[in-house]
Amino acid sequence: MLAKRVIPCLDIDRGRVVKGVKFEDVRDAGDPVEVARRYDRQGADELVFLDITASSDDRPTLFQTVEAVAREIYIPLTVGGGVRTSADVRALLKAGADKVSINTAAVHNPDFVTEAASRYGVQCIVVAIDAKRVNKKKEPVRWEIFTHGGRKSTGIEAIAWAAQMVAKGAGELLVTSMDRDGTKEGYDLELLRAISDAVPVPVIASGGVGTLDHLVQGLQDGHADAVLAASIFHQGTHTVGEAKRYMAERGVRVREQALPAFVI
Amino acid sequence: MAVIGVIDYGMGNLHSLGKSLERVAASDRIEISFDPEKLNRCDKLVLPGVGGVRGCMNELRRLELNDLVVEASQRVPMLGVCLGMQVMLDFSEENEGVQALGLFPGEVVRFPDPDPDGGVDRLKVPHMGWNRVRQSRPHPVWEGVPDDSWFYFVHSYHARPRNPEHSIGTADYGHEFTCAIARDNLVAFQFHPEKSQGAGLRLLANFARWDGTL
């Protein structure tokens with residue numbers, strides 16, 4: 001049976017790995033090639049790169065970084081941040097990305113998702129959803145989606161948006177809770193479950209991991225298919241291997257790191 | 001020195017497949033090309049592919065590569081990967097039904113949609129991520145690859161070869177399905193060896209060494 005995936009996330013800013021809190025207060029966390037190689041060896045199931053500044057000036061740097069990392073790893077690599085056109089998708093795939101993550105451009109033009117999916121296949125189109133609770137206390141829970149790295153409100157309700165994106169051709173959803181991002185309080189399990197149960201495609205949980213229990217919760221209670229985390233790995237709190245052992249002990253089906261059949 | 005041709009018909013990321021082959025077959029030359037003449041001179045061919053089967057068949061025809069593939073399939077070792085495997089069968093039900101290359105009798109069908117009430121255990125489509133592959137029949141490409149190794153999959157459709165002897169590997173996703181097929185000098189995988197770390201590289205190394213005989 002299919003394993004649940006553990007995916008370290010590398011936020012990239014001008015060719016470096018960085019880590020922020022609630023999308024702000026950004027700190028340096030290393031060289032992307034070194035960090036990616038480390039996680040590949042630890043048994044990461046995939047890697048995600050998010051270009052958090054995504055200014056067009058930085059594009060060449062990003063392509064170089066993607067190329068350098070893709071040369072070093074033999075697991076899938078997803079790249080997101082500022083993907084606006086089919087040409088962006090093509091350039092990232094050509095640089096060595098296996099999937100691209102689309103966020104802001106999908107909100108501006110939902111048909112862009114359809115265009116990209118029909119040209120490059122649904123399997124390489126991930127739609128990133130940055131969601132935030134907007135209801136007042138005692139009101140029913142409601143999440144809205146934000147764009148521009150979480151800076152801009154859209155007024156769009158998150159669960160319906162998720163379903164719409166799948167209908168448009170998204171092969172996978174990357175769901176980030178902006179309320180939890182960088183807080184180490186755990187994923188927004190209610191948000192995850194609501195989206196994961198509403199769509200037929202895999203959901204990656206993101207935003208808020210502080211402990212290994214949070215990873216287990218995201219899969220068992222949040223119904224996610226994969227868990228994404230950054231700081232617990234970047235800060236050396238846990239290796240990917242430790243995370244997987246912990247998850248396996250709690251009944252999560254993970255890919256154990258087998259002895260390599262070919263030395264890489 | 002052998003020349004391994006990777007058929008570049010514009011469907012998907014050949015970067016990682018080419019890079020992985022270079023990694024495991026350092027003494028061979030990897031030729032990524034859409035030129036039928038160049039590909040015709042290769043000692044081995046790899047047919048990759050991601051995306052939709054209709055687009056794939058259209059591009060193969062437009063570039064006049066479908067005849068090349070069919071003709072070469074009778075004489076050189078050939079490896080299909082992902083969609084490149086699916087088009088080796090007769091027919092796929094994707095895109096309202098598409099006739100494919102017909103190198104293996106059988107068809108390609110979609111996984112059932114997930115049960116809406118399935119909760120944490122429901123099986124999403126695409127089947128995406130790492131799954132174990134059972135080596136249901138011996139084949140030179142399995143050499144040194146432990147049975148039940150993990151490989152990376154991403155697909156919504158899967159092959160159903162008519163001849164059970166053509167199925168050399170299976171995986172389980174709600175039901176057991178064929179994820180590796182072979183006959184004579186042809187072998188193909190639904191999963192991505194180039195994205196499957198050590199076990200995948202070993203498969204590619206075995207293909208690069210294989211003379212096409214059983």
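This one's a predicted model, so the numbers in the text were calculated from it and none came from an experiment. Chain identifiers are assigned alphabetically (A, B, ...) following the order of the sequence lines, protein sequences preceding nucleic acid strands; residue numbering begins at 1 within each chain.
Between chain B and the residues A:Cys124, A:Ala198, A:Ser196, the most heavy-atom pairs under 4.5 angstrom are made by A:Ser196. When each of A:Val122, A:Ile73, A:Val199, A:Val203 is checked for heavy-atom pairs under 4.5 Å with chain B, A:Val199 comes out on top. Taking chain A as the reference chain and counting heavy-atom pairs below 4.5 Å, the highest number among B:Leu203, B:Leu83, B:Leu123, B:Val154 is found for B:Val154. Between chain B and the residues A:Gly171, A:Pro202, A:Gly222, A:Ala95, the largest count of heavy-atom pairs under 4.5 Å involves A:Pro202. The candidate from B:His155, B:Lys124, B:His192 with the greatest count of non-hydrogen atom pairs under 4.5 Å with chain A is B:Lys124.
Side-chain atoms of B:Asp172 never come within 3.5 Å of backbone atoms of A:Met1 as a donor-acceptor pair (strictly under, hydrogens ignored).
Once rounded to the nearest 0.5 Å, the distance linking CD of A:Gln123 with SG of B:Cys82 reads 7.0 Å. One distance of note links CG of B:Leu14 with NZ of A:Lys94; it measures 10.5 Å at 0.5 Å rounding.
When each of A:Ile75, A:Leu77, A:Asp98 is tested with B:Lys195 by the rule side-chain contact (heavy atoms from CB on, under 4.5 Å), just one qualifies, namely A:Asp98.
Heavy atoms closer than 4.5 Å to chain B are found nowhere in A:Arg193, neither backbone nor side chain. Neither the backbone nor the side chain of A:Ala117 comes within contact range of chain B; no heavy atom of the residue lies under 4.5 Å from a heavy atom of that chain. Neither the backbone nor the side chain of A:Ser118 comes within contact range of chain B; no heavy atoms are under 4.5 Å apart. Residue contact with chain A, scored on non-hydrogen atoms closer than 4.5 Å, involves the side chain of B:Pro114 exclusively. For a residue to count as touching a neighbouring chain, one of its non-hydrogen atoms must lie under 4.5 Å from one of that chain's; by this rule B:Tyr152 touches chain A with the side chain only. Looking at B:Ser20, the atoms closer than 4.5 Å to chain A (heavy atoms on both sides) sit in the backbone and in the side chain alike. A:Val254 touches chain B through its backbone: at least one of N, CA, C or O sits under 4.5 Å from a heavy atom, while the side chain does not. For A:Ala226, no part sits under 4.5 Å from any heavy atom of chain B, backbone or side chain.
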Checking A:Tyr74 against B:Leu201 for the side-chain contact (heavy atoms from CB on, under 4.5 Å) test, could you report, in this order, the C-alpha distance in whole Å, the side-chain angles of both residues, the deciding distance, and whether it holds? CA-CA 8 Å; A:Tyr74 297 93; B:Leu201 290 178; 3.8 Å; yes
Give the C-alpha distance, both sets of side-chain angles, the deciding distance and a yes or no for side-chain contact (heavy atoms from CB on, under 4.5 Å) between A:Val201 and B:Met128. CA-CA 9 Å; A:Val201 303; B:Met128 185 183 287; over 6 Å; no
Between B:Trp150 and A:Asp45, does the side-chain contact (heavy atoms from CB on, under 4.5 Å) criterion hold? Intermediate values first, please. CA-CA 11 Å; B:Trp150 294 94; A:Asp45 296 308; over 6 Å; no
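Checked for salt-bridge contact, A:Glu72 and B:Lys19 miss the test: no charged N lies under 4.0 Å from a carboxylate O.
In this structure, A:Leu2 and B:His127 have side chains that are in contact, with non-hydrogen atoms separated by less than 4.5 Å.
When the shell of 6.0 Å around CZ of B:Phe91 is examined, it contains more than 12 heavy atoms from other residues, nucleotides or ligands.
No hydrogens or angles considered: a donor-acceptor pair under 3.5 Å links the side chains of B:Gln197 and A:Arg255.
Below 4.5 Å, heavy atoms of chain A meet no heavy atom from residues 53-65 of chain B.
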